[in-house]
Amino acid sequence: MDYPLLERGVQQWWDDHDILKKYLNRNEQASKRWSFVDGPITANNPMGVHHAWGRTYKDLWQRFNTMRGYRQRYQNGFDSQGLWVEVEVEKELGFKNKREIEEYGIGLFVEKCKERVLRFAERITEQSLRLGEWMDSPNSYYTMSDENNYTIWGMLRTCWQNGWIYRGRDVMPWCPRCATGISDMEINEGRRTVQHTSVYARFPLVDRPGEYLLVWTTTPWTLPANVACAVNPDLHYVKVEQDGDFYYLSADVVGKLNKLRGHEHGAAKVVETLEGRDLLGWRYTGPFDELPAWQDAGAEHRVVAWDEVTAAEGTGIVHIAPGCGREDFGLSKGDHLAVLAPVDENGVYLDGYDWLTGMSVGEVARPIFENLREKGYFYQTESYQHVYPHCWRCGTELIFRLVNEWFISMHELRERLIRIANDIRWIPAFGLDRELDWLRNMEDWMISKKRYWGLALPIYVCDDCDEFEVIGSREELRERAVEGWEQFDGHTPHRPWVDAVKIRCAKCGGFASRILDVGNPWLDAGIVPFSTLHYRGNREYWREWFPADFITESFPGQFRNWFYSMLVMAAALEDTAPFKTVLGFATLKDEKGEEMHKSKGNSIPFDEAAHVVGADTMRWLYVTHAPEQNLNFPRIPTDEEAEAARAKGQPPRLSDLWMQTRSALDKLWNVYSFFVTYANIDEFDPTTRSLAVSKRSDLDRWVLSELQATVQRATEGLADFDAESASLAVAAFIENLSNWYVRRSRRRFWKSEEDADKRAAYLTLYECLVTVTKLLAPLTPFLAESLYQNLVRSVDASAPESVHLCDWPVADVKLLSPRLHDETSLVMRMVNLGRAAREKAQIRVRQPLGVLYARVGSDAEAEALQRLASQVLEELNVKRLELLPADSDMLVYSLKPLMKVLGPKHGNLAQKVLAALRATDAHAGAEALRERGSLVLKVDKQEVTLTADEVEVEASAREGYVAAEERGAVAVIETTLTPELLAEGLVRDFTHLVQEVRKHAGLAIEDSIETWLSTDADLAAIAVEYRGYIEQETLSKRFTVQSEGASLAPSGDGVYRENIPAAKLNGHAATVTVRKAR
RNA sequence: GGGCGAUUAGCUCAGUUGGUUAGAGCGCCGCUCUGAUAAGGCGGAGGUCCGUGGUUCGAAUCCACGAUCGCCCA
């Protein structure tokens, strides 16, 4: 099966018949509606296979609910604004920093960003269609749209009116390349383990000549901003003597000092012990006191207290630079320390830092070490490995920098958010805990970014009085505008155009300008449940579709990103949940279980996988997987392998894992092709035949019962957002259909006359196939369509045009039969045991056997087995079935203690009871339990009575009999082969060989033939005896047998002859000749 | 550094309120069936249930400590 080929054909047919449009319009008039909101995909690159996982879920639940008759919005969304786009456009343009963007022109740059977004949105739309994701693509939303941006303005204004917006001065993680702050949400995505050179420096104490504080830092660039040193007041410190100098450091690290001293230092000796609090207030000379920046600060260096200081790293004396570290900055507030912010937004030292001015933080480590050494501040360097934050987008190491940024206060929102999170159904359930954990611990939301392409934050600051206010809409801005409206009018609300507009300060009447910052992109995504549902312009419509019934995204990251930002928006605007159910799924890994990364070369482009493996197979992989577990995406053939196969006219050979994944689909395809083969031969038309189910066989009614149960399971699963159990139920049914129903029914299709039995078989199999096809429609839309067209539409022009326009199947509970289910399970079990027994005896199934002796667990099962004996016998090629009586000498018994009952009952004695039971003669014990229902044991000189509830009797076959057993059921076979049985076996072997010859001769299944057999006298005699059977099985109109003389078989065109070696026919060599009958 | 979770066959994972021979699928080896099959069936090999101690008549399961890994938060 070449699935990609089939899918291309189906897609073409859909296009030709406009099926997508008909699908989107199918429930236009429906009164019930189901609301799905698509999480915006970043329109910045083509899709990878990891995107296809979520998009498969998104599509399948929309399809399922379409088939169930719900009106829906089939809207997909594209995340359009933000640094990720800027970075890619910078790459395209060859820019290295923000200055180049400004020189190029912000307007041009922003237009480039828009272009890129539209380009990749189009690409992703095509790819999604290839996946079979059916969406209303002309109606897709973009977070860069005016609607989206202005809805955020309104939301921010509401926040401002509530007093939640504030301007903060804080030390933030900062990317010096992107020249922007990194929010708490983003910082986690870029943590990496790296090697840095840390430095130990010594700071001379002002009032203690020859004595130094020994401090340690991993960020030497912050030393010029040193203001203080912190010690833990409760920690022990020591004064050590080394080379005539005295150092103060934590008592715990003296050992380290000796290890670290290298060639430059002598041995260290402790001369005094003291507490951290003893050091407080000591003044020291800073390492860069000569710099103008420090001179201007007019401050002095001293030792301060900080109880977070430990001796685990460094020296227990911590270098404090309040302008370069978060904790440092926090400390500066309480201790009124000076704050030095040494670098600009690009991480370049500002004026006042002398020789450092103009250098960037990344290049100063060495020069600073040298400088310290020259000035006598250097002690030692040490290579140090640690986890350090990097820019999640460009990979640059972050610095910490004092900045002015804008925040939404979470103080009042936090409780609302927690309450709302509890109103949502999180799948898997731990999602709620994760979200709550974040909500409890999160800081205020930093919403500003000093970039170009993004939401223009509508915050206007007065040039005169520094008061700010937030504008909530375009209309409000126009009313308030006193300057620059003409330049803005006609443009999207983006930089640079919107920046031209000035308003009058409401407080002092001065000019107020928009801050130049753009917004955090999660504002863009979070507003989607409002903006896409026309919250601003059509509140009626919004009320109809809000909240979303369902959203689904890969959960790593989203708890603090999209889920979070939606919660914030909904909490701020309406104080209610923006969605009812969220399905989170885990991470897609490569075949070895490693993270996929483009840079690692192991990420798989969607197009490649779709081309080689196909969309349905990929979708099936996703839907059958447990969503909360990571999924390893199996290897796909390389382009070369795929092309080599296609050159030979074959589909690319897939790995075992793929074949395993796809096996249910392959089996279905085979059943389907079996049906089609015979239906064509017989010209069977399901629309003109019928037969009441009650008139069909047990086998038919069994499979129809299983079918109803499958419909129920699939429906319940999908309705509960559980694709895995739904799809596995369908797979299990296909397995039953293929390996039991069709296997057991084959002869009914082969036989030539069309009787009620054959009609029942056709109708039953047809119903199963059609129903399964509909169940598969949301899961594997291409395959389902292909089957549907051929099975249904080709014979019934009145049926819905496409499987995707059909109604979802409803289980007919009247057809459910637990009895048939149980009995068929019993037959299957007995057949398996019989096959196992044959295997042990090394007698192949083609050789008929005389008797199968069976034992089952209960009288009811025994009764059923006798009634269904023919199925067992036919399947096992055995003549007769006999039930084994309990006292049969073929059986041997063992006693199995049921500890779950015995344990609690006997307590301390339990182990001894167990030992006594094991010492008991099993046969006598079994008999006692059978006859009297109890068994008496002697334990520690007292008698203990065990009942049938406490001991299970297990029967198995006595040694010497060829048997198999499982859970109380036993099958024993009679292995004596009579001449008649041997002859029958031989005939079946021969028949099988003629079928092979037919196949080799290239004959069609339904072709009648003429057959000649030339062999020894024994086989000839048998062949003649079984002539009727052989002719019937091989469709031979004429069957000529000879054992001597010149061959009677013809030769020439259309005649096919094979010599059969004696080994294949139990010692009889033969020549078989066939020719298509005229 | 703090919190949570995990560790079971070569791989991916199940394993009920603790119950005495620890399972599945795949892979591997052998056999077998088949005029629907890239199918199916049967058998086999493969386990220190991460380690150590404890609780218990009985521990993969409960407790403690340790190791390793993952996730979340600093």
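In what follows, every chain begins at residue 1, and chains take the letters A, B, ... in the order their sequences are listed. Source: prediction; values computed, not measured.
Less than 6.0 angstrom separates the ring centroid of A:F749 from the ring centroid of A:Y762.
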Close N or O pairs between protein and nucleotides 56-60 of chain B (under 3.5 Å):
unit_1: B:C57; atom_1: OP1; unit_2: A:N908; atom_2: OD1; d: 2.8
unit_1: B:C57; atom_1: O2'; unit_2: A:Q911; atom_2: NE2; d: 3.4
unit_1: B:C57; atom_1: N1; unit_2: A:G907; atom_2: O; d: 3.2
unit_1: B:C57; atom_1: O2; unit_2: A:Q911; atom_2: NE2; d: 3.3
unit_1: B:G58; atom_1: O4'; unit_2: A:Q911; atom_2: NE2; d: 3.2

Report all interatomic pairs (protein N or O, nucleotide N or O of nucleotides 13-15 of chain B) with separations under 3.5 Å.
unit_1: B:C13; atom_1: O3'; unit_2: A:Q629; atom_2: NE2; d: 3.3
unit_1: B:A14; atom_1: OP1; unit_2: A:Q629; atom_2: NE2; d: 3.0

Identify each atom pair where a protein N or O and an N or O of nucleotides 26-29 of chain B are less than 3.5 Å apart, giving names and distance.
unit_1: B:C26; atom_1: O2'; unit_2: A:Q660; atom_2: OE1; d: 3.1

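Residue A:L898 is out of contact with every strand shown, counting any heavy-atom pair closer than 4.0 Å. Contacts of A:V742 with the nucleic acid, taken as non-hydrogen atoms under 4.0 Å apart, include base atoms. A:F675 comes within 4.0 angstrom of no nucleic acid atom, judged by non-hydrogen atoms across all strands. Nucleic acid contact class of A:K999 (heavy atoms, under 4.0 Å, all strands): base. Note on A:S738: a base of the nucleic acid sits closer than 4.0 angstrom, heavy atoms only. Residue contacts for A:A626: at a heavy-atom cut-off of 4.0 Å it reaches no nucleic acid atom on any strand shown.
Contact between the side-chain N/O atoms of A:N739 and the OP1/OP2 oxygens of B:A39 is not found at any separation under 4.0 Å.
Pairing for B:G18 is absent, with no Watson-Crick or G-U wobble pair whose two atom distances lie under 3.5 Å. For B:C29, the paired base is B:G43 (Watson-Crick or G-U wobble, both distances below 3.5 Å). B:A60 is unpaired under the Watson-Crick or G-U wobble criterion, no partner having all donor-acceptor distances under 3.5 Å. Pairing of B:C65, defined by two Watson-Crick or G-U wobble distances under 3.5 Å, is identified with B:G51.
B:U55 and B:A74 have their P atoms separated by 42 Å, given to the nearest Å. The separation of B:G53 from B:G47, taken at their C1' atoms, amounts to 23 Å, rounded to a whole angstrom.
Inter-residue side-chain proximity for A:T1034 and A:F990 is flagged as unmet; no heavy-atom pair is nearer than 4.5 Å.
No donor-acceptor pair closer than 3.5 Å links the side chain of A:R326 to the backbone N or O of A:P173.
Distances were taken from every side-chain heavy atom of A:D666 (C-beta onward) to each of B:G35, B:C71, B:A38; the shortest belongs to B:A38. Comparing B:A36, B:G35, B:C72 by their closest approach to the side chain of A:H992 singles out B:G35. Checking B:C42, B:G40, B:A38 against every side-chain atom of A:R653, the shortest atom distance belongs to B:A38. With distances taken from any side-chain atom of A:E735 to the nucleotides B:G41, B:C72, B:A36, the minimum falls on B:G41.
Between the side chain of A:R835 and the base of B:G41, no donor-acceptor pair of N or O atoms lies under 3.5 Å.
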